[in-house]
Number of protein chains: 2
Amino acid sequence: MEEFSQRFSSLKPFLVFECAARSGSFSAAAKAFNISQPSVSRNVAQLEREIGVALFERRSTGAELTDAGRELFHAITQGMSTILRTIKQIERRRHEEAGVVSLSVSGSFVAHWMAPRLAAFTQAFPDVRLRFHLISGMVRGLPDDVDLAVRTMDASDQDVRSWDFVPEIVLPVCSPGYAAARKSTGNETFLHFSDHAHDIWNDMSDLCLPGQLEGDVCHEFDDYSVLLQAALDGSGVALGWLSVTSKLLLDRRLVPVGGRAHRTGRVHRLIDCGAGPSRDIVADIAQWLVERMKEDLAALEPILPATT
Amino acid sequence: MEEFSQRFSSLKPFLVFECAARSGSFSAAAKAFNISQPSVSRNVAQLEREIGVALFERRSTGAELTDAGRELFHAITQGMSTILRTIKQIERRRHEEAGVVSLSVSGSFVAHWMAPRLAAFTQAFPDVRLRFHLISGMVRGLPDDVDLAVRTMDASDQDVRSWDFVPEIVLPVCSPGYAAARKSTGNETFLHFSDHAHDIWNDMSDLCLPGQLEGDVCHEFDDYSVLLQAALDGSGVALGWLSVTSKLLLDRRLVPVGGRAHRTGRVHRLIDCGAGPSRDIVADIAQWLVERMKEDLAALEPILPATT
DNA sequence: TTCTTCCATACGCTCATCGTATAGCGTGAC
DNA sequence: GTCACGCTATACGATGAGCGTATGGAAGAA
C-alpha cells in the first residue's frame, strides 16, 4: 500500500476531486471543502498529472466528469466509505464501552427541555454520559454516529426501534411580563421563526396578524433557541413547540396566549439509530424520556388551551 | 466525504498506519515507507488522537495491533485497494488506447534478446509502443499492471492465455576471445550468478570446478545483465540461459564452452496478464516473439552442444 | 455589448511535517 | 547484576509543499 505514497505526493487531491465531482464545479467544491477555488483547481490538476488522464472536462458552466473521472469517483466514494464506516464503528464501540450515549436533537430542545432535567437524568442513569449532536434547522436524514434521535414525522410513519414521544403541537406563547404589558399597549411584537411561512400565524391563533395593526412589529430569527430566549425575555410572542416549551409552560416562565393550540397531525418520535444490535441502555433512556414527557403533558392539561 | 478532511488533518497517517500494521514495528515500517522512525511514531500517534482509540500496543519487541487497530487495518487495506485497482484499470485503458503494451521481463532478456530486435518489432507493429517492466532477480508473482510477462515454470504448469516460449536451457558460455585465451593459460575465471548454488557448475559442464585448480577465479554478480556484459568483454565463463543468449550465440559474440547444455525441464512461457478481456494485439505480439525464438532455436541447432 | 461566472496561473508566505539527536524503557545474554 | 541492544517517544530547528490573494482569459447570459 505504500505504493500510494510513492506514486502520489498526497492523498488530499483524491478527496478534493471527490468533492468537485459531487459539486459539479470547482468553485462550488471550494466552498464545500472550505478551501479556495485555485486550490481545488491545483489539487485536481495534480491528481490528473499523477494518474495521467483527464478527470474533468472544463466547461464555462462548470466541470464535467470524463469516463475515467467517473470510474475514479465511484472507487473513491466506495473505498473511503469503507474506511469511514469502520472508524465510526470503532468510535461507537468506544462510546459504548465508556457509557456514552449520543443524542441527535434540536438545540432548543436541549436548552429548554433536556437541560433542566439533566440532574434527574444523571440520578436515573448514573453511569451514562450524554453526547449531544445538535441540529440547526429542520432535519434531513439520520446521522449514522448517533444512538438516539428525535425526529418529526407523519403519525402514520412507523419505524423499527422507535417510540412515540409527543404529538407535534404548536401554540403562541409569551413571557408573563409581556402578557401583562400587551393588554395595555394593544400592540403586538411577533417573534417569527424563519423556517415558518408568515401566514402560519393565521392558523395558529386569533391574534391580530403581523402588519395588520399600526405599531405591530415582527422580528425574525433563524435559530429557534435564540427566538425562544427572546420570548423568555419578554420581547414578544412566539410560536412554541410543545415538545420544547412544555417545561417552560409548567414553570410559568412562558404562558399561552391567543387561546389556541394547533395539533399539526405530525408526531415527534424517538428513534434508535444504532447500526448494530440494539443497546438496552438506549431503550431505557428512550423510555425515561417518554415518561418525563408524559408527565409534562398530564400536568399541562389544565393550562393548555383547546387544541384545534 | 469532506468529513475526512474536516476530521483528519491529513490522510498520510492512514497509509503509515497501514504500513506499520503490516510491518509489525514502527522501525520496520519506517524503512519500508522511506521515512524516519519518529515520523512513523508521530503519524500513528496523530491517527490515534484523531480517532480517539489506541491502534497499537507498544511493546519493546515492536508494536502489536489492538482490536480497533486490526479493524481499521482491514478497512484501509480494502478501501485503498478499491481505489488503487481502479486507477490501474484507468491506466491500462489509457495505455490500450495509446497502443502501449507492457512487458514484464528480465533486464538481461531485454538487453541481449529484445533490444537487438526492436527495429524488426517496430516494423512488424508500427503502432505499438512497448513499455518494459524490468524485474531484478527471480520472479515472484505477476504484476497486475502489465500485459505480457515472461515467466519460468514447470513444463506441466499450464495457464490460460499463455504461450510456450522456449525450454529453459543453460550452458556455459564465454566470449570468443576468452575461449582462445583459456586454451593457453589452462586457468579458468568463473562468472557466477548469486542466485545459483555454486555447485551448479558440476551439473552443467565438464569444466574444472571453481577452486579446484590453483589460479582459478570466481567472480560473483547479483545482476545477470552485468554478469553477461562481463562475459561479453571476455572476463570469464558464465552460465548462459538460452532464452537470453540465443542471439549472442548466433552472432558469435558468445560461444558455448564445456561441451554440454543442460535442459532443466522447466520452460519459459509468455503469459497474457490482462485483467479484462484479452487484447488481440497482445496475442499477436506473443506469437511474434514465439516465432523469433523458434527461428533462433532452429539456427542454433548446429552450434549447440548436445543437451543433457 | 456588457456582465457574470467559470477555471488557470503567478507570487509570496506560512506552517505542517520532516529528519537528527536524544532520552526512556523493557528484554535477553552473560 | 549489569550491559548491550533492540524498541518507541519527545525536542528542536529547518524547509518546502500548499495555501490564499490577485489576476487573466474564455464562454455564456442578459
Side-chain angles (χ1 to χ4, degrees), chain A residues 1-2 4-66 68-70 72-73, chain B residues 1-2 4-66 68-70 72-73:
Chain A
M1 207 57 56
E2 49 264 45
F4 252 108
S5 286
Q6 285 161 7
R7 290 200 45 186
F8 301 101
S9 57
S10 161
L11 293 198
K12 188 167 185 191
F14 285 91
L15 297 183
V16 174
F17 160 75
E18 191 270 350
C19 187
R22 223 161 1 87
S23 306
S25 91
F26 290 8
S27 308
K31 285 190 192 72
F33 218 79
N34 268 328
I35 58 179
S36 64
Q37 170 268 316
S39 188
V40 174
S41 175
R42 275 191 306 254
N43 273 282
V44 172
Q46 181 182 342
L47 191 60
E48 288 177 318
R49 230 178 310 119
E50 288 179 335
I51 295 185
V53 296
L55 298 171
F56 285 108
E57 280 177 16
R58 276 74 161 173
R59 307 273 172 79
S60 50
T61 66
E64 206 167 302
L65 282 171
T66 62
R70 219 179 327 275
L72 186 63
F73 171 63
Chain B
M1 204 60 52
E2 49 265 47
F4 253 108
S5 285
Q6 284 160 7
R7 290 199 44 184
F8 302 101
S9 57
S10 160
L11 294 197
K12 190 168 184 189
F14 285 92
L15 296 183
V16 174
F17 160 75
E18 192 270 351
C19 186
R22 225 163 355 91
S23 306
S25 92
F26 290 7
S27 308
K31 286 190 191 70
F33 217 79
N34 269 327
I35 57 178
S36 64
Q37 170 269 316
S39 188
V40 175
S41 175
R42 277 191 307 253
N43 273 282
V44 173
Q46 181 183 343
L47 191 60
E48 287 176 318
R49 232 178 307 118
E50 290 178 334
I51 295 186
V53 297
L55 298 170
F56 284 108
E57 280 177 15
R58 275 73 160 174
R59 307 271 172 77
S60 50
T61 65
E64 205 168 304
L65 283 172
T66 61
R70 219 179 328 276
L72 185 62
F73 171 64

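Note on naming: letters A, B, ... go to the chains in the order of the sequence lines (proteins, then strands), and numbering restarts at 1 for each one. Everything quoted here is computed from the prediction, not taken from an experiment.
Nucleic acid contact class of B:Ser36 (heavy atoms, under 4.0 Å, all strands): base.
In this structure, OG on A:Ser5 lies 10.0 Å from CG on B:Asn34, to the nearest 0.5 angstrom. Taking CZ from A:Arg49 and OG from A:Ser9, the interatomic distance works out to 8.5 Å, rounded to the nearest 0.5 Å.
A 4.5 Å side-chain heavy-atom check between B:Phe4 and B:Phe14 finds at least one atom pair inside the cut-off. Within the 4.5 Å cutoff, side-chain heavy atoms of B:Phe8 are placed close to those of B:Ile51. A 4.5 Å side-chain heavy-atom check between B:Leu72 and B:Leu47 finds at least one atom pair inside the cut-off. Side chains of A:Phe56 and A:Thr66 form no contact here, defined as non-hydrogen atoms less than 4.5 Å apart.
Atom CD1 of B:Ile35 is separated from atom C1' of D:dT15 by 17 Å (rounded to the nearest Å). Per the geometry, CD belonging to B:Gln46 stands 14 Å off C1' belonging to C:dC15, to the nearest Å. Per the geometry, CD belonging to B:Glu50 stands 12 Å off P belonging to C:dA16, to the nearest Å. B:Asn34 has its CG atom 13 Å from the P atom of C:dC18, to the nearest Å. Between A:Leu11 atom CG and D:dG18 atom C1' the separation is 15 Å, expressed in whole Å. Atom pair B:Leu15:CG and C:dT17:C1' shows a separation of 15 Å (rounding to whole Å applied).
Taking only side-chain nitrogens and oxygens, A:Lys12 never comes nearer than 4.0 Å to OP1 or OP2 of D:dA17.
The backbone N or O of A:Arg59 lies less than 3.5 Å from no partner atom in the side chain of A:Glu64, so there is not a single donor-acceptor pair.
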Hey, mind stepping through B:Phe26 and B:Val44 against side-chain contact (heavy atoms from CB on, under 4.5 Å) and telling me if it holds?
-> CA-CA 9 Å; B:Phe26 290 7; B:Val44 173; 3.9 Å; yes

How does each nucleotide of nucleotides 7-13 of chain D score, in 5' to 3' order, for protein heavy atoms under 4.0 Å: base (B), sugar-phosphate only (S), or none (-)?
-> SBBBB--

Check: residues 15-25 of chain B side-chain donor-acceptor pairs under 3.5 Å, at least two apart:
residue : atom : partner : partner atom : Å
B:Glu18 : OE1  : B:Arg22 : NH2          : 2.9
B:Glu18 : OE2  : B:Arg22 : NE           : 3.1
B:Arg22 : NH2  : A:Glu2  : OE1          : 2.5
B:Ser23 : OG   : B:Cys19 : O            : 2.7
B:Ser25 : OG   : B:Ser27 : N            : 3.4
B:Ser25 : OG   : B:Ala28 : N            : 3.0

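Each end of the helix from C:dT1-D:dA30 to C:dC30-D:dG1 yields a helix axis from five base pairs, and these two axes differ in direction by 30° (to the nearest 10 degrees).
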